[in-house]
Amino acid sequence: MDRLLAGYRRFRSEVWPKERARYEALATKGQRPESLVIACSDSRVDPQTVFGAGPGELFVVRNVAGLVPPYRPDATYHGTSAALEYAVRVLGVARIVVLGHAQCGGVRAMVEGAPSEARDFVEPWMQIAAPVLRSLPEHVDADDVLERCELEVVRLSLANLGTFPWIDEAIAAGRLQLGGFHFDIQTGVLAQLQGARLAPVA
Ligand SMILES: [Zn+2]
């Protein structure tokens, strides 16, 4: 706990004096983030860091592997869909970005099977991405499967966004854009999805 408290004290002494006016304005006027980012919970892939954003700029939902489930309004608990609903319908974000990454433990659990300690929730959660495994072309080398799946999981999440009727409507009306990215932890390079391929951001 001490490390967290030390971090807070650094924030309070170093960051807060510089950012105070910004926080106060956000508190008074409310948040108006332009972008919703859907990212993995992985501790190495923080959207605010990768996109160099400050407070109030990004509405973020993080879950295992950064997955978007298909639209399914029923009585179960839909944390990711709730965040989508709030960001799109209440806050009116102008873009939704799905941020995948290299060495994703969630994607690995899908491909190789979840660790035995993570079968209650991780395994069924990753079933959202099962169509990715089924659609892999046969010629993909075993070494490339994880990388390929990381990319395809981003594409699947983008496709699932389109199953939400109010997202589909907002895109058709030109009020909302979608984008996909992949972050390489080792090199720090961000690549943007262009069609079915990734292109490094210049
Ligand atoms: Zn991950």
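Counting starts at 1 for both ligands and their atoms, following the listed order. Excluded from the calculations below are hydrogen atoms, water molecules and symmetry mates; all remaining heavy atoms, backbone and side chain alike, are included.
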task: Output all residues satisfying ring pair (Phe, Tyr, Trp, His ring centres under 6.0 Å) with Y23, sequence neighbours left out; order by chain, then residue number.
output: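 Listed in chain order: W16.
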field: Neighbouring protein N, O or S atoms of the Zn ion (ligand 1) [cut-off: under 2.8 Å, no waters]
entry: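 Listed by chain and number, the atoms are C40 SG, H101 NE2, C104 SG.
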For [X] and [Y], does a side-chain donor sit closer than 3.5 Å to a side-chain acceptor?
X    : Y    : answer
R108 : Q103 : no
H78  : T76  : yes
R95  : S35  : yes

- prompt: Run the side-chain contact (heavy atoms from CB on, under 4.5 Å) check on W166 and E85 step by step: do they pass?
  reply: CA-CA 8 Å; W166 22 268; E85 184 174 60; 3.7 Å; yes
query: Does the distance from a Lys or Arg side-chain N to an Asp or Glu carboxylate O, for E152 and R134, drop under 4.0 Å?
result: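 Looking at E152 and R134, the cut-off is not met.
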